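Written out below as structure tokens is the structure these notes cover.
Quick note on labels: first sequence line is chain A, next is B, and so on, each numbered from 1. Please read all numbers here as calculations on a predicted model, not as lab measurements.
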Amino acid sequence: MNYWLIKSEAEMYSIDDLERDKIISWEEIRNYQARNYMRQMKTGDLLLFYHSMSNPTGVAGIAKVASPIHADQSQFDTASEYFDPKATSDSPIWECVDVQFVEKFAHTVSLESIKADALLDGMLVRARGSRLSVQPVSHAHFEHIVGLGQKKN
DNA sequence: GCCAACGTTGGC
DNA sequence: GCCAACGTTGGC
């Protein structure tokens, strides 16, 4: 079992949207490194759901991988801004997994508190200028974030 | 809204 | 294959 962090702009698609939808294809990722990490995902892997461009930014809950990697349908959709003319159904360029809601935290674990916590040293999301929207997370970091998010205060 | 950091593109 | 120009991300 592996652990990951996925980012979403909170105003575009938040943990509340995922709670409502239950499960969606995590489409529209157009970054090779992020795609390559998604290719490594296995059904059942757990995901920290991170809100970017929000107040506060941070981890808002947990999701899980609910399908094997598959073609991102938006690359074939000429009406989509994510349409890719170089992609064909025989050789898709962009891929994604399905993501299923698990839980929303009692409170968001803010980036500020993540940066301040020595137990989270080395988390990629703390890196200055980190723009990667799909990142691996260690088991220890995952468990610690979940503990912080579930804590009542 | 600003802007630094980063990824991608394309000319050569 | 270099690298400047450009577009995007994302914290603040």
Side-chain angles (χ1 to χ4, degrees), chain A residues 2-21 24-41 45-65 69-99 101-138 140-142 144-151 153:
Chain A
N2 287 306
Y3 302 87
W4 313 88
L5 178 148
I6 60 173
K7 292 184 190 173
S8 184
E9 293 189 30
E11 289 189 13
M12 295 291 295
Y13 196 84
S14 71
I15 190 79
D16 296 312
D17 294 317
L18 185 62
E19 183 169 21
R20 179 198 63 218
D21 292 341
I24 60 154
S25 284
W26 202 247
E27 294 186 338
E28 303 179 351
I29 304 295
R30 293 293 180 272
N31 172 285
Y32 287 105
Q33 207 175 345
R35 182 203 65 183
N36 292 341
Y37 280 132
M38 283 197 291
R39 284 179 170 174
Q40 296 174 36
M41 290 180 180
D45 281 2
L46 290 171
L47 308 163
L48 296 175
F49 194 101
Y50 182 92
H51 284 169
S52 62
M53 309 297 276
S54 73
N55 187 22
T57 63
V59 179
I62 308 172
K64 68 180 177 184
V65 177
I69 191 83
H70 58 80
D72 176 334
Q73 296 303 310
S74 66
Q75 70 193 310
F76 308 127
D77 179 1
T78 54
S80 169
E81 65 175 300
Y82 295 94
F83 174 69
D84 189 329
K86 295 190 291 294
T88 66
S89 54
D90 283 341
S91 60
I93 296 171
W94 305 108
E95 297 176 297
C96 61
V97 295
D98 292 353
V99 168
F101 178 79
V102 174
E103 79 174 64
K104 179 183 178 180
F105 285 159
H107 58 93
T108 295
V109 181
S110 69
L111 179 60
E112 184 183 16
S113 62
I114 290 171
K115 285 181 172 174
D117 193 331
L119 290 176
L120 298 173
D121 282 354
M123 265 194 91
L124 290 176
V125 76
R126 298 198 340 182
R128 178 176 161 79
S130 168
R131 292 170 43 178
L132 192 56
S133 59
V134 177
Q135 314 178 348
V137 174
S138 74
H141 288 165
F142 180 89
H144 188 59
I145 293 273
V146 171
L148 294 173
Q150 292 175 341
K151 193 162 58 183
N153 64 355

Tell me, which pairs form a salt bridge (Lys or Arg N to Asp or Glu O under 4.0 Å) where one or both residues lie in residues 108-120 of chain A, sequence neighbours left out?
none

Pair A:W94 + A:Y32: ring centers closer than 6.0 Å
yes

With a 6.0 Å cut-off on the ring centroids, do A:Y37 and A:W26 count as close?
no

Comparing A:K86 and A:M53 on DNA chain B - which has the more 5′ nearest nucleotide:
A:M53

Going by the rule side chain to side chain contact (heavy atoms under 4.5 Å, CB included), which residues pair with A:R131 if we only count those two or more places apart in sequence or in a different chain?
none

With a 4.0 angstrom cut-off to heavy atoms of chain A, pull out the first and last contacting nucleotide of DNA chain B, in 5'-to-3' order.
B:dA4 to B:dT8

Side-chain donor or acceptor of A:S8 paired with backbone N/O of A:Y13 under 3.5 Å
yes

